[in-house]
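Presented below is the structure to which this report refers.
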2 protein chains.
Amino acid sequence: MILKIDFESEMPIYEQLRRQIIEGIAKGELNTGEELPSVRQLAEDIGINLHTVNKAYNVLKDEGYLVIDRRKGAMVKDILPEATKEYYDSLEKELKFIVADAYCRGMGKDEFLKQCERYFDEYIESRRERENGR
Amino acid sequence: MILKIDFESEMPIYEQLRRQIIEGIAKGELNTGEELPSVRQLAEDIGINLHTVNKAYNVLKDEGYLVIDRRKGAMVKDILPEATKEYYDSLEKELKFIVADAYCRGMGKDEFLKQCERYFDEYIESRRERENGR
DNA sequence: CTATTTGTTATATATATTATATAACAGCAG
DNA sequence: CTGCTGTTATATAATATATATAACAAATAG
């Protein structure tokens with residue numbers, strides 16, 4: 001899986017890593033149980049500090065996406081995190097704002113929903129393709 | 001319009017203000033052309049520094065939501081910002097991640113879309129009610 | 001005219017976050 | 001033993017966030 005960091009972005013590097021890894025899991029580029037590069041390896045590959053990678057991994061561990069074995073390294077959990085109440089609450093907050101912004105800018109409900117649907121289908125399709133190839 | 005700050009939140013105060021004001025516009029609690037409290041007034045009301053309010057106002061000005069008159073203060077723009085290419089790009093990035101996260105957590109496409117639709121309808125309905133009352 | 005209000009600008013300070021660098025540690029595999 | 005894991009510790013630097021205080025120009029209210 002290819003990870004790309006935008007060093008001009010306001011978004012912290014560890015947060016960019018976190019998001020790309022979650023997107024990678026959604027696409028099926030990263031499978032449950034799959035091992036991730038070691039913190040040192042990944043840090044060297046993308047030219048950042050190992051502590052930055054470590055932070056991303058640990059956030060993902062706390063969220064329930066990864067398990068980290070002190071000796072083997074990080075791997076994607078066999079069972080992905082569930083949609084807990086805390087998750088629903090934060091999702092609602094985030095979505096409400098995004099929808100408000102879109103609505104103010106004159107984006108129609110249908111157009112917005114179509115986009116969401118398209119993104120969902122992209123992940124579903126991507127996973128399906130990869131599962132067939134195995 | 002009531003603004004509530006969560007001082008425990010990781011989200012910066014000015015960002016909380018920014019989001020609530022956009023949501024207020026979406027709901028129709030704030031109408032185009034309507035004046036906002038002065039930076040000093042609002043800062044005092046919610047117990048924060050005037051520069052924090054000023055930052056929120058200026059971010060919203062840069063985004064095209066507000067006009068700020070040096071003597072009269074801030075007011076909601078008569079014409080709200082459009083969905084520019086930059087906006088679409090940032091929306092796509094944001095939405096793709098959110099969808100990925102939801103998908104990984106086992107949230108169904110229909111459930112996700114239903115929520116988005118509900119939020120849209122809330123804003124539409126809220127605006128309609130307020131327009132009828134005027 | 002005077003006093004008050006507006007956003008703006010400037011300076012200073014404190015704190016937290018982000019990212020880096022370097023080093024050392026324990027545990028395990030080859 | 002050697003080399004690989006993540007982990008811990010310490011230090012440093014830059015940036016973001018928030019506050020405090022003061023002063024300014026421009027307009028308005030009395």
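Computation of the quantities below employed the complete heavy-atom set of this structure, encompassing side-chain atoms and omitting hydrogens, waters and symmetry-equivalent molecules.
- Atom-to-atom distance recorded for A:Ile13:CD1 and A:Asn49:CG is 9.5 Å, nearest 0.5 angstrom.
- Side-chain N or O atoms of B:Glu35 include none that pairs as donor or acceptor with a backbone N or O of B:Gly73 at under 3.5 Å.
- Checked by distance alone, A:Arg40 brings a side-chain donor or acceptor within 3.5 Å of a matching partner on the base of D:dT7.
- A:Asn54 places none of its side-chain heavy atoms less than 4.5 Å from the side chain of A:Leu50.
- Comparing A:Leu50 and A:Arg71 by the nucleotide of DNA chain C whose heavy atom lies nearest to each, the residue mapping closer to the 5' end is A:Leu50.
- Residues of residues 31-39 of chain A having a heavy atom closer than 4.0 Å to DNA chain D, listed by number: A:Ser38, A:Val39.
- Not a single donor-acceptor pair under 3.5 Å links the side chain of A:Glu63 to the backbone N or O of A:Pro81.
- The side chain of A:Tyr14 contributes no N or O atom lying less than 4.0 Å from OP1 or OP2 of C:dA19.
- Contacts between residues 4-12 of chain B and DNA chain C, defined by a heavy-atom separation under 4.0 Å, are absent.
- Between the CD atom of A:Glu15 and the P atom of D:dA16 there is a distance of 17 Å, rounded to whole Å.
- Proximity of a side-chain donor or acceptor of B:Gln16 to a complementary backbone N or O of B:Asp6 within less than 3.5 Å is detected.
- Straight-line distance from the CD atom of B:Glu44 to the C1' atom of D:dA20: 15 Å, rounded to whole Å.
- Between B:Met75 atom CE and C:dG7 atom C1' the separation is 14 Å, expressed in whole Å.
- Spacing between atom NZ of B:Lys72 and atom C1' of C:dT4 amounts to 18 Å, rounded to whole angstrom units.
- Look at CG on A:Asp69: it is 9 Å from P on C:dA29, rounded to the nearest Å.
- Atoms CD1 (A:Ile68) and C1' (D:dT8) sit 14 Å apart, rounded to a whole Å.
- The backbone N or O of A:Ser38 lies less than 3.5 Å from no partner atom in the side chain of A:Gln41, so there is not a single donor-acceptor pair.
- The CD1 atom of A:Ile13 sits 11 Å away from the P atom of C:dT18 (whole-angstrom rounding).
- Formation of a donor-acceptor pair under 3.5 Å by the A:Arg127 side chain with backbone atoms of A:Ile25 is found in this model.
- Remark: the backbone N or O of A:Leu80 is not paired with any side-chain donor or acceptor of B:Arg105 at under 3.5 angstrom.
- Judged by the 6.0 Å distance and 45° axis criteria, B:Lys55 is positioned over the aromatic ring of B:Tyr14.
- As rounded to whole Å, 16 Å separates atom P of D:dT12 from atom CG of A:Asn49.
- In terms of modelled atom types and a separation under 3.5 Å, the side chain of B:Glu117 and the main chain of A:Leu113 share no donor-acceptor contact.
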- [ ] Under the side-chain contact (heavy atoms from CB on, under 4.5 Å) rule, what do B:Lys27 and B:Glu129 come out as? Steps first, then yes or no, please.
- [x] CA-CA 10 Å; B:Lys27 288 181 198 161; B:Glu129 281 176 11; over 6 Å; no
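- Sorted by residue number, the members of residues 51-64 of chain B with any non-hydrogen atom under 4.0 Å from DNA chain C read B:His51, B:Asn54, B:Asn58.
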